[in-house]
Number of protein chains: 4
Amino acid sequence: MAMPWSFSLQVTVPSLKSPTSYNQCSSFNTNVRCQSANEMIQGVEFPSRVGFLGLGIMGSPMALNLLRSGCDITVWNRTKSKCDPLISLGAKYEASPAEVASACNVTFAMLADPESAFDVACGPNGAAKGMAPGKGYVDVSTVDCVTSKSICKHVKDRGGAFLEAPVSGSKKPAEDGQLIFLTAGDKPLYDTVGPLLDIMGKFRLYLGEVGNGAAMKLIVNMIMGSMMATFSEGLLLSEKVGLDPNTLVEVISQSAIGAPMFSVKGPPMVKSQYPTAFPLKHQQKDLRLGLSLAESVSQPVPIAAVANELYKVAKSRGLSEEDFSAVIEALKGS
Amino acid sequence: MAMPWSFSLQVTVPSLKSPTSYNQCSSFNTNVRCQSANEMIQGVEFPSRVGFLGLGIMGSPMALNLLRSGCDITVWNRTKSKCDPLISLGAKYEASPAEVASACNVTFAMLADPESAFDVACGPNGAAKGMAPGKGYVDVSTVDCVTSKSICKHVKDRGGAFLEAPVSGSKKPAEDGQLIFLTAGDKPLYDTVGPLLDIMGKFRLYLGEVGNGAAMKLIVNMIMGSMMATFSEGLLLSEKVGLDPNTLVEVISQSAIGAPMFSVKGPPMVKSQYPTAFPLKHQQKDLRLGLSLAESVSQPVPIAAVANELYKVAKSRGLSEEDFSAVIEALKGS
Amino acid sequence: MAMPWSFSLQVTVPSLKSPTSYNQCSSFNTNVRCQSANEMIQGVEFPSRVGFLGLGIMGSPMALNLLRSGCDITVWNRTKSKCDPLISLGAKYEASPAEVASACNVTFAMLADPESAFDVACGPNGAAKGMAPGKGYVDVSTVDCVTSKSICKHVKDRGGAFLEAPVSGSKKPAEDGQLIFLTAGDKPLYDTVGPLLDIMGKFRLYLGEVGNGAAMKLIVNMIMGSMMATFSEGLLLSEKVGLDPNTLVEVISQSAIGAPMFSVKGPPMVKSQYPTAFPLKHQQKDLRLGLSLAESVSQPVPIAAVANELYKVAKSRGLSEEDFSAVIEALKGS
Amino acid sequence: MAMPWSFSLQVTVPSLKSPTSYNQCSSFNTNVRCQSANEMIQGVEFPSRVGFLGLGIMGSPMALNLLRSGCDITVWNRTKSKCDPLISLGAKYEASPAEVASACNVTFAMLADPESAFDVACGPNGAAKGMAPGKGYVDVSTVDCVTSKSICKHVKDRGGAFLEAPVSGSKKPAEDGQLIFLTAGDKPLYDTVGPLLDIMGKFRLYLGEVGNGAAMKLIVNMIMGSMMATFSEGLLLSEKVGLDPNTLVEVISQSAIGAPMFSVKGPPMVKSQYPTAFPLKHQQKDLRLGLSLAESVSQPVPIAAVANELYKVAKSRGLSEEDFSAVIEALKGS
């Protein structure tokens, strides 16, 4: 399919290891370097100019990884000061999402919630205003399906291509280029930005029509939120009955329920420390959106419903900005 | 420490890889062979005669692994026919738990629930009746702390040593000698049976006083039960919104919440298949016992409380004997 | 305050028993009669022409009560045939909400859900199109606050006055003129339609700005949904342990937790009969809206969250159109 | 049926208003007077000597009502000082439950939990020691079925008759003689003590075999605990969205979900006041026992399970001794 926007990008990705719709590419990260337009190294050519909107906990390290790989990056953030570290490393800056989109071939957006994602894309000076045939917009924020489809429509109305690509993974994987991208939307755009996704992540999936990436992401995060809540119950219970909760973490890691999250988050949780990798308020938002998704298809999800309430308790105790593992506090006496 | 019962066992375990209280020993399994008393191979000497009570889903493969490793095994089961395969492979048989315990140096017991564990140990012809100084009783069943302490008392009243050693792991790990033992009680007995535990398992912990092993096991299984329930929610929701639930399983396996259980159980669950590795009724029992444990120390565990209700729904739908992953049926429409 | 529309209505309500913001008026129902414009009986004058949009389980008996009291009623319903019984009793008919609103001084609307309420008020031939200064729109549907405010804006943009007035009470109270109105919005309109509300109900409250009536209604229904779920648990448990569930209903009626709902719904529930007074799908909708309301202010409501899941289970079992007491089926084995 | 003990009691209760198994008797309270043995007033003759064990929040006013009605009362309490007010009004005292039972025809017991109830009845100096043919033991505590049956057995082993008669109602109904008795066990004893129950209560039921009274009580209290939790959710939510929670109490009282408990407890809850009528720790105990009852018959009770967790949270915040309405605190931010 020859979408107009693909002409100007001249992408070839001969090094892709498999013809399937997803690609494990952690080893790929190490030797890929972004090139200016029309240059080629190792058979990979990137979009000539890449925009990045939203430089928070996730966006900053993602943009940094693109920059370090040699990409020509143009950034924007609501609070401009957050752009400074990247600018000092060579990133360009534009004063609005519209101007970034106008200046770049492909623009990524990583915002904190559906409202922000919508505003940055579709607001008065939103990215859609700068879209045109031949350009692509990749929203890596976690939003609900309705918001994603709405952004898609605004982008397409301007002739641009749209890919939703919510990420699974928090601060550390973002820094390490180990994110997971759950993408859906324009397939040629997916193919084009694949090498960029591979710089930022270790695994990517193409899931078909817009909304599917958002849905998959919400379901994964819904499960994650519930798992963290039940893990919290176990840690507190072990301590109360006189066991060492760190031993519980060790036993779990050896067992069939051993997940990396438990080993990473467990020890600081035992010390009541919650350095923010994934803010609790965002986990609660994702549970809310997941519950709405379930509601829309009348699927009972009682565990997620109760977990969501625990995160709300944690929020009401002032823990919104802490890591989502702080949900354990909701189960402690005062 | 020279406990009376340790005289007759003369155990040395020079090959233990570390001085810590737990031991990773999966590689150990392959070359260990049980010897008759006073013989030594590779510096490891086992109790001369080993009893095994209870030959269900878990007990049979565990006893088989001991037998294959060269142990002198004497078995008993409420339904005698379940002993036949092992007898045909060389195991001895006694007609009651008391007679097994009387004939052996160390007796293992693997029963389905606290009531059975108590009966086999403390009933009219229970194992305690056959205990004496120099003998050890190792209960690898999952029971509550009160039951465990009660069995301990009966064994000690007869002069025997007691170790509670509930296992984490189901049918497959039992067959593969990959169980996890969470032990507590008599430390010298723990040291004595260590090589036997290493034949049946890959990891073992000594947790101090009787009750701690039971508590640790219940907490792990409480978390497991909740995780399976939330995983079920995710699988069903993904399917209802038009995603391939197998893709969800794949995404989870790549993410920070990827636990072996999800990868193993997910694909059959998607096909509504629940071949029994860990019966649902036992998972529900463990949730119940875990909730009681939490109740006893006033620890809120709302996720586990709701998960328990889902397993109860599954039971009321006739799924008690299916694998615990059948809890997903509780979340489906009729 | 002299709103333009109040000129034409000339309302006086001297018989109100108290100057407070609410009014108990069950005895009032019996002798009130609606009059054509400018006529007075017992000091009460009604709006000359009254519209009624939506003739379902609730709307039909409400409109009937107004008609029987002598009001000049004009009706509309999406399915016209539902208007026939009222037309045969003297009601007028118009072909669209806009035409009803255009023909009447005050128009009531009783729709099943927020989407319908919005469509009927603000759609292409919606009531707002027929509004003008001097006219009032009273929405007695149960909707969320956002929908209510949106309808209000559309009505006011046309110069009309708006009152949200969701009702508490189902089929029987609607038939008996025993509803409760939780109103908010335009105070003069509240005063004007008070006598009409008193025909249809026994109790009415004015709660201030638009959104407050919707919020109050949702909270009451959220509690009701949870209460019905817990009552269901008790009925089933009593039966399972060998008690007569009808005796439980009797004991509850004598106790401090005795609510009329239990006495009315209990006996048919024991017989697995759920004649629809308040459809289960609407109760689930109200729980959903209540949960969203709680979400918006970060108030944990774990009981409502779990109750909502039970209603979703009941819906997935095909009970949407049954009475909401059919939620008890969600707790039965298959 | 001529039980030995009934000979000495010579009870006739001609004023019973109906031949059914329960009796509404609030008007009865006013003119009944206890008589010494063999005296008759208005056709009612009471057991000559009545014992009362346990003088806490409930026991004290109950014993006081018996005393005021002219009964010959002998009291005992673990902390003797609590007996003093009754002794000063004419009650006798014995130093142990055994001595009270030995001295009286019928002995009532009102203890705080199953453990205390068992100890007082079956311990070293327990009431059972003082039982004999012709004597009756009436346990009005709320206990689980197993405990009740165990006490029954101890009493019967001594030749006594046993009636379990847990009460529904808290401090105020106890003071006002407005309790509800849910009795089961020895029917002749039920008939004998009926007039005494009617002094202390307004309604009594005979439910058959021992265990049924306990079960009925637990189910009622399980529902009550859940209702209080959902009511708490509503009060807090109404306040958070800017409504007056006292208005919510008013609206509820007018609606089909209006229960006396809401009207009584609501206003102090709004003021964060929880004067103890029914201690929170006892409500949590009853939920726990109710959950165990449900567990024993595999009845899912998800609402009760979540409610129980809320009471546990409240306990962990130090509210055990407050009224059970303090569960609302578990839903507030810190």
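None of the values given here were measured: they were computed from a predicted structure. Reminder, nothing fancy here: chain letters follow the sequence lines and each chain counts from 1.
For A/R317 and A/E329, the salt-bridge test fails: no basic side-chain N is under 4.0 Å from an acidic carboxylate O. Checked for salt-bridge contact, C/K265 and C/D323 meet the test: a charged N lies under 4.0 Å from a carboxylate O. Salt-bridge check for C/D113 with C/K281: failed, with every basic side-chain N at 4.0 Å or more from each acidic carboxylate O.
Interface remark: of the candidates C/P300, C/A304, C/A330, C/P300 forms the most heavy-atom pairs closer than 4.5 Å to chain A. Chain A forms more heavy-atom pairs under 4.5 Å with one residue of C/Q284, C/Q299, C/K315, C/R288 than with any other, namely C/R288. Chain C forms the most heavy-atom pairs under 4.5 Å with one residue out of A/V301, A/V306, A/L310, and that residue is A/V301.
Within residues 290-297 of chain C, the residues that have a heavy atom under 4.5 Å from a heavy atom of chain A are C/L291, C/A294, C/E295, listed by number.
Atom NZ of A/K129 has more than 12 heavy atoms from other residues, nucleotides or ligands within 6.0 Å. Applying the 6.0 Å contact sphere to CD of C/E115 captures more than 12 heavy atoms from other residues, nucleotides or ligands. Annotation for A/K171: atom NZ does not count as buried by contact number, only 12 or fewer foreign heavy atoms lying within 6.0 Å.
Here A/Y137 and A/H154 keep their ring centres 6.0 angstrom or further from each other.
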